[in-house]
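To start, the structure under review is shown below, and the notes come after it.
Just the heavy atoms: all of them, side chains too, but no hydrogens, waters or symmetry mates, feed the values below. All figures in this text were calculated on a predicted structure; none of them were measured in a lab.
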Amino acid sequence: MDIVTYEILRNGLYATAREMKIAMMRTAGSPIVHSGGDASAAVFDAECQLVAQGNDIPTMLGSAVISTKASVDAIGRDRLRPGDVIISNDAYLGGGNHQPDIQFTRPVFVEGEIVAFVMTRGHWTDIGGQAPGSYTCMTWDIFAEGIRIPPVLLYRDETPVQDVLTLIVQNTRETEVRMLDIQAQYAGCFVGDRRITAMVRKYGKDALKQAMARALDHSERLMREAIRSIPDGVYEAEDRLEPVAGPPGWPTAEIPLKVRITKQGDGIHFDYAGTGPQTRGGINCPFSVTCNSTWFTVKAITDVSIPINQGCYRPVSIAAPDGSIVNARFPASVVAGNTETSPRIIDMLLRALAPAVPKRVVGQSNGGANSGVFGGMDPDEARVARTRRRYVGTVEPHAGGMGARADKDGVNGVRVYVGNAGSTAVEITEQTTPLLVQEWSLVPNSGGAGEYRGGLTSRRVYRVAYEEATYTVCGERGIHPPLGQFGGLAGSMFYSEVRRGDGSVAKVPAKGSVEIVTKGDVVVLQPPGSGGYGDPRRRDRARLLEDLRDGYVTGAALSDYGLSPAEAEALLAEAAHG
């Protein structure tokens with residue numbers, strides 16, 4: 001195949017994945033999808049190997065390497081027909097990452113032959129279970145996390161399988177919104193099918209097959225070359241995962257995380273032996289999530305320009321103890337293993353690899369989605385008439401700090417690592433839910449001091465307009481702050497509270513139980529900040545002056561940078577005079 005045709009087909013596959021996500025976002029019902037972009041799309045070859053993806057949600061796409069094949073194998077290739085769509089979300093039967101992330105898998109047929117598979121995955125704001133939003137750490141097992149959907153046919157010959165559709169949507173709290181999400185994900189798959197079919201009609205099935213195989217081999221070759229540049233050796237690190245703040249009788253001990261990384265030649269092996277056993281509460285990781293966290297880290301420390309597909313993962317091998325928190329066994333609950341434990345694993349891997357690739361690691365970051373979840377009946381009749389939603393649930397991931405880098409400050413107010421979704425727009429929240437956003441601001445001094453400062457976290461403050469609702473958080477680093485690298489200081493920790501109308505204040509732990517909120521209550525949610533990089537005493541004074549003028553740092557933190565009281569006073573005076 002000539003290089004021009006190859007590049008047209010390769011780029012066409014990536015463009016297809018991007019267009020699939022756009023189609024999905026434009027028509028989805030969940031604000032976390034259409035506003036926050038918590039959705040992904042990808043193209044797989046006929047053997048279920050990931051060959052092209054959008055710049056979407058890494059945790060969805062990495063786990064799809066496992067879940068797509070699991071979906072096809074469960075149904076059976078011989079049973080599939082044009083226009084079929086498989087739905088799945090189950091972490092154990094379907095290889096999923098967590099149950100709110102729903103995968104649609106569609107075979108692409110040309111002349112009776114499967115030439116590819118396309119996949120869409122979106123985070124639904126509710127799939128049933130014990131808590132509104134289907135998002136709480138305090139669950140006894142996976143059955144409390146919402147309806148489990150093993151791989152089953154949801155569309156047959158372009159037509160919904162009505163019994164399956166009814167069973168799913170009637171097990172959620174927002175039936176009409178779920179119908180929109182389902183139609184949106186189907187639309188994304190439909191677009192993918194049409195684009196790939198058009199490519200085959202123009203260039204032929206053999207050309208598509210060759211281009212896919214060549215793309216996988218090309219990414220593998222580039223990844224092996226990048227890994228080869230990392231010094232051979234054994235690199236180790238350990239950390240401790242914060243437990244769920246459950247009722248009396250729940251485990252209270254922190255869970256050890258350990259890794260031993262062996263880099264030799266153009267391959268790299270990750271061994272998680274010594275990591276603690278799975279535990280009560282939804283902080284366990286399915287193996288697919290641990291694989292994804294590992295693959296993400298390898299990609300992050302090598303070359304961001306390598307086209308992302310399954311070829312990137314061929315040089316990486318992973319061992320995780322069965323029944324551990326990084327390879328949980330049924331029926332352990334897993335909802336926050338995907339969003340909170342996974343970033344903690346990545347932080348640990350970066351700490352282990354820091355001696356090998358010091359210029360490629362960052363200070364520890366905010367460590368999770370830090371989602372605030374509200375659920376209750378909407379008292380605003382006009383809004384109910386407009387939206388047709390009497391029950392209103394919302395799942396809002398929150399932006400914290402990203403750790404400082406070897407030559408740059410960290411990033412303020414951003415999702416990091418495998419999340420990559422945006423925050424829900426204030427206007428969307430206020431138009432669609434009984435919540436008023438009173439404040440959304442960056443938090444001074446929340447980024448750890450360093451030669452390069454850690455990124456600041458953000459704070460959201462809500463005034464509740466529900467008559468009564470539940471408030472749940474799934475966060476991280478409520479006990480241990482995100483650490484810096486190479487002398488950089490730690491960032492701030494997670495914080496949330498409910499200010500009651502009677503003047504009382506309830507502190508909400510990062511991994512805690514449900515709080516009941518009522519009209520007029522004020523809810524504060526502040527994710528962790530992030531760690532700095534390098535000795536703070538080496539920070540350029542001009543940069544520190546800019547921080548003061550921007551409000552990123554206040555006088556109270558200047559001692560962290562080695563300034564004496566007199567030096568601090570002089571710098572503050574200079575900042576005040578512009």
Side-chain angles (χ1 to χ4, degrees), residues 90-92 98-100 126-148 238-258 272 274-287 289-290 320-345 367-375 395 468-480 493-498 500 504-517 523 525 528:
D90 194 276
Y92 297 105
H98 69 174
Q99 285 175 200
D126 192 275
I127 54 161
Q130 77 175 36
S134 313
Y135 213 102
T136 174
C137 293
M138 205 182 71
T139 49
W140 189 259
D141 55 31
I142 199 166
F143 295 98
E145 294 187 329
I147 183 170
R148 296 176 63 207
E238 59 183 273
D239 203 345
R240 304 194 74 79
L241 193 67
E242 299 165 12
V244 175
W250 277 61
T252 57
E254 296 179 355
I255 304 104
L257 292 173
K258 291 188 177 183
Y272 290 93
T275 293
Q278 64 193 58
T279 188
R280 292 292 179 200
I283 59 175
N284 303 286
C285 288
F287 185 59
V289 169
T290 299
D322 185 44
S324 69
I325 201 165
V326 293
N327 187 8
R329 282 197 300 256
F330 176 83
S333 46
V334 300
V335 69
N338 176 68
T339 53
E340 318 306 314
T341 305
S342 172
R344 290 294 304 273
I345 293 171
N370 299 288
S371 294
V373 184
F374 293 89
V395 179
E468 180 181 72
T470 57
Y471 169 62
T472 311
V473 295
C474 274
E476 247 303 336
R477 297 197 177 281
I479 299 173
H480 299 296
M493 293 193 293
F494 175 94
Y495 184 80
S496 182
E497 67 179 21
V498 177
R500 309 286 187 191
S504 62
V505 176
K507 301 291 178 62
V508 182
K511 301 174 181 177
S513 58
V514 173
E515 292 286 334
I516 304 300
V517 294
V523 176
L525 199 157

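- Rounding to the nearest 0.5 Å gives a distance of 11.0 Å between CZ of Arg148 and CD1 of Ile127.
- Of all non-hydrogen atoms in Asp126 and Gly133, the two that sit nearest each other are OD2-N, 2.9 Å.
- Between the side chain of Glu242 and the backbone N or O of Gly478 there is at least one donor-acceptor pair closer than 3.5 Å.
- Between the side chain of Ser333 and the backbone N or O of Gly281, at least one donor-acceptor pair lies under 3.5 Å.
- Using modelled atom types, no side-chain atom of Glu254 and backbone atom of Arg240 make a donor-acceptor pair closer than 3.5 Å.
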task: Evaluate the side-chain contact (heavy atoms from CB on, under 4.5 Å) criterion for residues Thr275 and Glu238: first the C-alpha distance (whole Å), next the side-chain angles of each, then the deciding distance (0.1 Å), finally the verdict.
output: CA-CA 9 Å; Thr275 293; Glu238 59 183 273; over 6 Å; no
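- With a 4.5 Å cut-off on side-chain heavy atoms, Val335 and Thr136 do not count as touching.
- Between the side chain of Gln130 and the main chain of Thr139, no donor-acceptor pair closer than 3.5 Å is present.
- Nearest heavy-atom pair, His480 versus Arg477, reported as atom, atom and distance to 0.1 Å: O-CB, 3.2 Å.
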- request: Go through the steps for Asn370 and Phe494 under the test side-chain contact (heavy atoms from CB on, under 4.5 Å), then give the verdict.
  value: CA-CA 8 Å; Asn370 299 288; Phe494 175 94; 3.5 Å; yes
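- Residues Glu515 and Ala506 approach most closely at OE1-CB, 4.1 Å, considering heavy atoms.
- By the 4.5 Å heavy-atom criterion applied to side chains, Val334 and Val289 are not counted as neighbours.
- Checking side-chain atoms of Thr290 against main-chain N and O of Val326 turns up a donor-acceptor pair under 3.5 Å.
- Salt bridge annotation for Glu476-Lys511: present, with a cationic side-chain nitrogen under 4.0 angstrom from a carboxylate oxygen.
- A distance of 9.0 Å separates OG1 in Thr472 from CZ in Phe374, rounded to the nearest 0.5 Å.
- Side-chain contact between Pro331 and Phe143 is present, with at least one heavy-atom pair separated by less than 4.5 Å.
- Residue Met138 comes nearest to Ala245 through the heavy atom pair SD-O, 4.5 Å, listed as atom of the first residue, atom of the second, then distance.
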field: Working for side-chain contact (heavy atoms from CB on, under 4.5 Å), residues Arg280 and Val244
entry: CA-CA 8 Å; Arg280 292 292 179 200; Val244 175; over 6 Å; no
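- Phe287 has its ring centre no less than 6.0 Å from the ring centre of Tyr92.
- Two residues are said to be in side-chain contact when any heavy atoms from C-beta on lie closer than 4.5 Å; Ile516 and Glu468 meet this criterion.
- The shortest side-chain heavy-atom distance between His98 and Glu145 does not fall under the 4.5 Å cut-off.
- For the pair Ala336 and Cys137, the tightest heavy-atom approach, listed with the atom from each and the gap, is CB-SG, 3.8 Å.
- Minimum interatomic distance between Asn284 and Ala332 (heavy atoms only, all atoms of both residues): ND2-CB, 3.8 Å.
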query: Given Tyr272 and Asn327, is the side-chain contact (heavy atoms from CB on, under 4.5 Å) satisfied, shown in steps?
result: CA-CA 10 Å; Tyr272 290 93; Asn327 187 8; over 6 Å; no
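- Ile345 is listed as a side-chain neighbour of Cys285, based on a closest heavy-atom distance under 4.5 Å.
- A 4.5 Å side-chain heavy-atom check between Lys258 and Asp239 finds every atom pair outside the cut-off.
- A heavy-atom distance below 4.5 Å is found between the side chains of Ile325 and Ile283.
- In this structure, the separation between CD1 on Ile255 and OG on Ser324 is 11.5 Å, given to the nearest 0.5 Å.
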